[in-house]
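Each ligand, and each atom within it, is numbered from 1 in the order the structure gives. These values consider heavy atoms only, across backbone and side chains, with no hydrogens, waters or symmetry-generated copies. This chain uses plain numbering: 1 for the first residue, then up along the sequence.
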Amino acid sequence: MKIALVGYGKMGHMLEQSAVAFGHSVVATIDPFAPDAGIKIPSGDSRALADAVVSSGAEGIIEFTHPSSVMENIKVLLPLKIPMVVGTTGWNEKKQEVASLAQECGGTIMTTANFSIGVAILYKIVEEASRLVNNFSEYDAAIWEMHHNQKADSPSGTALEIANHLLSEFKRKDSIVTDEFKERPKPNQLHVSSTRCGSVPGTHKVFFDCEADTIEISHTARSRHGLANGAVHALENLCAMLKSGELSAGALYGMNDVFPQLFKA
Ligand SMILES: NC(=O)c1ccc[n+]([C@@H]2O[C@H](COP(=O)([O-])OP(=O)(O)OC[C@H]3O[C@@H](n4cnc5c(N)ncnc54)[C@H](O)[C@@H]3O)[C@@H](O)[C@H]2O)c1
């Protein structure tokens, strides 16, 4: 498959390696600032971005840029109707708007805050654990994440996703608190805390704690290769499933849609 990479930073470079390793060709690396990008387009020049992607002949797009540019990129690229996978985080609250846009223009987009298959499995484990722990009123719950000091947003999109899976089954809590506490936490509040340090690729922990013990569920990414591989596989699956009719164009999809194995017993 011919793939255009929008954003040629740390992830862009890894995506290129993964795409080539899986037999694809990277036909464009587009980034306004990266010195080694194949195509440098001034940030915010939507027409030039669209022209560059179209003239590259790309059959799929992978976008890993910055929370401040992702919405603009989606709005420009989605109407091209080239299947697109977006890895940039920090636009959770705009998902509904993007789903409507996809429906209107017929473009297809897939996104997740974390392309690691291990994290997708973690979500299921957290949901199941929360369902069980919910039956024992003595347990409290919390989430902690740690990432490298170049990450622009906190908490991570993954931590918020884990929180949503936990809250869906842990009925005593219904509100996420990411700020510092000025008073004792209320029982209904779920504390999601973040640490930024060094080069950590991504660690997420869920704690269920009571006087007797702590249950700790942990996911540690060893490198960013798993994320890049996951994004390329997600694009491969998205394109194959659109072709076979398993998925329809004009929608916003997530991990569960493009990796149906996540549902297998
Ligand atoms: N979903 C996931 O699994 C996952 C995994 C890792 C990182 N991320 C997210 O992906 C994003 C990028 O991560 P990174 O580590 O590659 O960051 P990075 O800072 O190394 O690279 C981002 C690149 O985007 C470029 N850029 C900025 N605006 C642009 C625009 N308008 N058009 C094209 N390129 C533009 C920057 O010049 C930079 O080179 C972040 O939001 C990060 O949180 C998501």
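In this structure, His191 and Phe181 have perpendicular ring planes: the angle between them is above 60°, well past the 30° mark.
Annotation: the span from Asn149 atom CG to Thr195 atom OG1 amounts to 12.0 Å, rounded to 0.5 Å.
Residues Val177 and Val192 are not in side-chain contact: their nearest non-hydrogen atoms beyond the backbone lie 4.5 Å or more apart.
Heavy atoms only, all atoms of each residue included: Asn229 and Ser18 are closest at OD1-OG, 2.7 Å.
Near ligand 1, residues Val6, Gly7, Tyr8, Gly9, Lys10, Met11, Ile30, Asp31, Pro32, Phe33, Ser43, Phe64, Thr65, Pro67, Ser69, Asn73, Gly87, Thr88, Thr89, Thr112, Ala113, Asn114, Phe115, Lys151, Arg224, Leu227 each place a heavy atom inside the 4.0 Å sphere around the ligand atoms.
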Only distances under 3.5 Å count here; give the side-chain donor-acceptor pairs of residues 95-107 to other protein atoms, sequence neighbours excluded, each with its distance to 0.1 Å.
| unit_1 | atom_1 | unit_2 | atom_2 | d |
| --- | --- | --- | --- | --- |
| Ser100 | OG | Gln96 | O | 3.1 |

Discussion item. Using the rule given for side-chain hydrogen bond (donor to acceptor under 3.5 Å, both in side chains), can you reason through Glu145 versus Ser194, listing the C-alpha separation, both sets of side-chain angles and the distance that settles it, and then say yes or no?
Written reply: CA-CA 5 Å; Glu145 57 96 353; Ser194 307; 2.7 Å; yes

